[in-house]
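A short write-up of the structure that comes next.
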There are 2 protein chains.
Amino acid sequence: MPSAEVPDIVVGRLPIYLRALAFMAAAGQEITSSHELGQKLGISSAQIRKDLSHFGEFGKQGTGYRISHLQEQIKRILKVSQEWEVALIGIGDLGHAVARYNGFKNRGFHIALLFDNDPAKIGTRLGDLEVLDAARLKETLAERQIKIVMIATPAGDAQSVADTCIEAGVKAILNYAPISLTAPEGVRVQHLDPVAYLQWMTYYL
Amino acid sequence: MPSAEVPDIVVGRLPIYLRALAFMAAAGQEITSSHELGQKLGISSAQIRKDLSHFGEFGKQGTGYRISHLQEQIKRILKVSQEWEVALIGIGDLGHAVARYNGFKNRGFHIALLFDNDPAKIGTRLGDLEVLDAARLKETLAERQIKIVMIATPAGDAQSVADTCIEAGVKAILNYAPISLTAPEGVRVQHLDPVAYLQWMTYYL
DNA sequence: TAGATTGTTAATCGATTAACAATC
DNA sequence: TAGATTGTTAATCGATTAACAATC
């Protein structure tokens, strides 16, 4: 029974399920069960079934889930059936790596715009994209109606870049800069902080 | 009252607190309160006090928390008061960016070893480190008693690299490769998957 | 002192799990 | 059919919040 009020934490697990399903599909597997999926992810089978039940019925009693079908459905739920155009701001080492990262392909995103404020970088090409002048960030994002950006600038620039993006109508920010960003209601920010994960793990060492 | 059984989710918030405290400290601030910290992070003040109470008493009634002291205490709890030596395996675009990332400094980690299996890369230098031959990964990690590695290899190599690291005694793996890794009990794996975050955010668009 | 904020208790809220009828 | 697995309900478990005495 689909509901309007799906817990945040449930939505957050859907990309994990999607990743595991893609892995199985790549190995040629066609069917899986909540039990198998749960074992792979260290999650109970009941939780997987419960999570999915927030959105509908995707399996078959006695059989399990058809992987390709479940992938399609979860992609639809997450709105990544079609590809989103994403802008990347800050083309330093990290930005380069992000721009060349092949993990976006077929997962709902493609990098459509690159920005930097360094005259030495503006106008250069990276893959089949030209690095644009960050001075025109706001106008360009608004024109192209970009809703999602990734920020890979130095820490000191990240907040003002974020502010500009938000003014241009951006609603989701993935922040690679080592700094906490603040954003108004209605704009989602995720911080990709490798050190936070490392620190978490060292607690248990 | 410190307890032996601190919930995982509480430990996971400590690095976030630490990051916010570092930000305040960098701005010259000396004192904060659970209320202020909570507002910055979108967390209730009660939760912050409750979280900290698992480990001890770090504040002063009527005043709040001395930032430098709280930082020290949380670092001690997370075992990042001293720096851990970390190995980085896979020196492609992403590995380069990780190696040059300045966010590790002063947060409990430093990259001590670089590995790749490409003869063209082995022996070259990156900063003040030489890229070592991944063929000797296991021996070298064991000799140096490395407990933490970051994997930035292509997806196809990541699991076997992880297995080798685990055989060498590694207990914590930060995985940048776009693939789910499996590891035995006692080894912690964190997957740094930017696309999972993007997919989570698009749900709300 | 008066005001503020901690650490902690108890109450509330929400998420996870166990169990099972339905059914493929 | 017999076996397996779903989707869902109810019970359990755990985390968050509200409230407040203690006290700086």
Side-chain angles (χ1 to χ4, degrees), chain A residues 1-17 20-21 24 29-74 76-77 200 203, chain B residues 1-17 20-21 24 29-74 76-77 200 203:
Chain A
M1 182 210 329
S3 148
E5 281 301 340
V6 179
D8 219 48
I9 197 166
V10 171
V11 178
R13 278 192 294 261
L14 295 184
I16 312 298
Y17 298 163
L21 291 168
M24 291 174 178
Q29 195 176 337
E30 295 194 347
I31 301 282
T32 188
S33 66
S34 60
H35 187 74
E36 185 190 37
L37 201 51
Q39 274 208 317
K40 283 228 170 178
L41 296 171
I43 287 176
S44 78
S45 62
Q47 180 164 84
I48 289 174
R49 294 197 302 280
K50 189 91 210 295
D51 283 356
L52 295 176
S53 76
H54 285 99
F55 306 99
E57 306 187 359
F58 309 114
K60 197 181 272 187
Q61 283 103 324
T63 309
Y65 302 90
R66 179 154 198 87
I67 290 173
S68 62
H69 179 245
L70 188 54
Q71 283 182 296
E72 276 171 31
Q73 294 301 308
I74 295 180
R76 179 183 54 74
I77 293 162
W200 192 1
Y203 175 81
Chain B
M1 183 212 326
S3 149
E5 281 301 339
V6 179
D8 218 48
I9 196 165
V10 171
V11 178
R13 278 193 292 261
L14 295 184
I16 313 298
Y17 298 163
L21 291 169
M24 291 174 178
Q29 194 177 337
E30 295 194 347
I31 302 281
T32 188
S33 65
S34 60
H35 187 75
E36 185 190 37
L37 201 50
Q39 273 207 319
K40 284 229 168 172
L41 296 171
I43 287 177
S44 79
S45 63
Q47 180 165 84
I48 289 173
R49 294 198 302 279
K50 189 90 210 293
D51 283 356
L52 295 176
S53 75
H54 285 99
F55 306 99
E57 306 187 359
F58 309 114
K60 196 180 273 188
Q61 283 102 324
T63 310
Y65 302 90
R66 179 155 197 86
I67 289 173
S68 61
H69 179 245
L70 189 53
Q71 284 181 295
E72 276 171 30
Q73 294 301 308
I74 296 179
R76 179 182 54 73
I77 293 162
W200 191 1
Y203 175 81

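Sequence lines set the chain letters: A, B, ... in the order given, protein chains first and strands last, and positions in each chain run from 1. Because only heavy atoms are used, hydrogens play no part in the values below, and waters and symmetry mates are left out as well, while side chains stay in.
- Atom NE2 of B:H35 and atom C1' of C:dG3 are 15 Å apart (whole Å).
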Contact pattern, 5' to 3', of nucleotides 14-20 of chain C - B, S or - by protein heavy atom under 4.0 Å = -SBBBB-

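- Nearest heavy-atom pair across A:W200 and B:P15 is N-CG, 4.0 Å.
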Hey, can you pull the donor-acceptor pairs under 3.5 Å for the side chains in residues 63-74 of chain A, sequence neighbours left out?
residue : atom : partner : partner atom : Å
A:Q73   : OE1  : A:R76   : NE           : 3.2
A:Q73   : OE1  : A:R76   : NH2          : 2.7

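- If you measure from atom CD of A:E36 to atom P of D:dT6, you get 10 Å, rounded to the nearest angstrom.
- When all heavy atoms are compared, the tightest approach of B:I77 to B:F58 is CD1-CZ, 4.0 Å.
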All N/O donor-acceptor pairs, side-chain side in residues 34-42 of chain A, below 3.5 Å, sequence neighbours left out:
residue : atom : partner : partner atom : Å
A:S34   : OG   : A:R49   : NH1          : 3.0
A:E36   : OE1  : A:Q29   : NE2          : 2.8
A:E36   : OE1  : A:T32   : OG1          : 2.4
A:E36   : OE2  : A:Q29   : NE2          : 3.1

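- The distance from atom CG of B:L52 to atom P of C:dT5 is 16 Å, rounded to the nearest whole Å.
- For the atom pair CD1 of B:I43 and NZ of B:K50, the computed distance is 14.5 Å after rounding to the nearest 0.5 Å.
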Between the protein and nucleotides 11-13 of chain D, list every N/O to N/O distance that falls short of 3.5 Å.
none

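- Between atom CD1 of residue B:I48 and atom CG of residue B:L14 there is a gap of 11.0 Å, rounded to the nearest 0.5 Å.
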request  = Represent DNA chain C in dot-bracket notation, 5' to 3'. Only Watson-Crick or G-U wobble pairs with both distances under 3.5 Å count; pseudoknot-style crossings use [ ] and interstrand partners use |.
outcome  = ..||||||||||||||||||||||

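- When rounded to the nearest whole Å, the span between CD of B:E57 and P of D:dC24 equals 10 Å.
- Across residues 58-71 of chain B, B:F58, B:G59, B:K60, B:Q61, B:G62, B:T63, B:G64, B:Y65 each have a non-hydrogen atom less than 4.0 Å from an atom of DNA chain C (numbered order).
- Under 4.0 angstrom from either OP1 or OP2 of D:dT5 there lies no side-chain N or O belonging to A:S34.
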